[in-house]
Amino acid sequence: MKYNLIIADDHKMFLDGLLSILNSEKEYNILLTAKDGKHIAKYLEINPDEKIDLIITDISMPELDGISLNKIIKERKKPTRTLVVSMHNDADMIDNLIEHDVDGYVPKNAEKEELLKAIKTILKGEKYFSKEIKDIYLENKFSKKKQEEIKLTQREIDVITLIAQEFTTQEIADQLFLSKHTIESYRKNLIAKLNVRNLAGLTKYALKMKYIKP
């Protein structure tokens, strides 16, 4: 039995290398390769009944990224599995893909043996995530859970909301009738309390807690 595969990656050298690896394995039939997700989405639209066992995709691609492509694949009536092979290790991106039922994720610097193991595991109907990706995902989940358990005072919520709306320290002080020094203290304490690194982390927290709208 041969498995039908599709590969999408905008880096030609990596795409050629992956193609060479898979062509050396007798059980895989490469239906299509593409440098962007839009090409794959169009192929799926034109061939709605074609049996496609696995689509291997990068995340950052022109026209249509891997996250959007994964959503389109999962909406098909035919059961097609997805494997992301990417250099991205952003925790929220990994979380997003897992939440949208991606079947596997391995970094581009993975060994050939791990890549083939991931493909075989996924084609058996199981999930496969490299240790690096699992660690990032679990650490992010733990961090979010800890943040959700933290209780902020109303004044802290006021301050973080205004920070997320890009008000300056002086503007926040003026709005809340506090000194600039007090606002700076609130900012430092919030960064420590929420275990984030900077103002961008505070903004992400404010968005997650829906203190502001995206």
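Positions are given from 1 along the sequence.
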Greater than 12 external heavy atoms within 6.0 Å of [X]'s [atom1]:
X: K74; atom1: NZ; value: yes
X: K42; atom1: NZ; value: no
X: Q154; atom1: CD; value: yes
X: E166; atom1: CD; value: no
X: H11; atom1: NE2; value: no

Donor-acceptor check, side chain of [X] to backbone of [Y], threshold 3.5 angstrom: yes or no?
X: N47; Y: E50; answer: no
X: K208; Y: T203; answer: no
X: R81; Y: L123; answer: no
X: E171; Y: T168; answer: yes

Is there a path of hydrophobic side-chain contacts, each under 4.5 Å between heavy atoms of I/L/V/M/F/W/Y residues, joining [Y] to [X]?
X: I55; Y: I98; result: no
X: I163; Y: Y205; result: yes
X: L32; Y: I7; result: no
X: M87; Y: L18; result: no
X: Y3; Y: L44; result: no

I need the single residue from [options] that forms a side-chain contact (heavy atoms from CB on, under 4.5 Å) with [X]. Which is it?
X: L54; options: L5, I6, T80; value: L5
X: T82; options: L97, L69, I73, I122; value: I73
X: F129; options: I94, V102, D103; value: V102

Should the pair [X]-[Y] be classified as a salt bridge under the 4.0 Å nitrogen-to-oxygen rule?
X: D10; Y: K35; answer: no
X: K127; Y: D101; answer: yes
X: K2; Y: D53; answer: no

I'd like to know whether L162 forms a side-chain contact (heavy atoms from CB on, under 4.5 Å) with L176, so could you lay out the CA-CA distance, the side-chain angles of the two residues, the decisive distance to 0.1 Å, and finally the verdict.
CA-CA 10 Å; L162 292 170; L176 300 180; 4.0 Å; yes
Side chain to side chain donor-acceptor pair (under 3.5 Å) partner of Y128, chosen from K120, K134, K117, E114:
E114
Worked verdict on E156 versus L190 for side-chain contact (heavy atoms from CB on, under 4.5 Å):
CA-CA 7 Å; E156 286 174 327; L190 281 166; 3.9 Å; yes
Can you tell me which residue pairs pass the salt bridge (Lys or Arg N to Asp or Glu O under 4.0 Å) test with a partner in residues 62-71, sequence neighbours excluded?
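Sorted result for residues 62-71: K38-E63.
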Apply side-chain contact (heavy atoms from CB on, under 4.5 Å) to the pair V159 and T161, showing each step before the final yes or no.
CA-CA 5 Å; V159 171; T161 299; over 6 Å; no
Between N198 and I191, is a side-chain contact (heavy atoms from CB on, under 4.5 Å) present by the stated rule, with each step listed?
CA-CA 7 Å; N198 48 36; I191 287 174; 5.5 Å; no
What verdict does the side-chain hydrogen bond (donor to acceptor under 3.5 Å, both in side chains) test give for T182 and S185, after you've listed the backbone C-alpha separation in whole Å, the side-chain angles of each residue and the deciding distance to 0.1 Å?
CA-CA 5 Å; T182 300; S185 294; over 6 Å; no
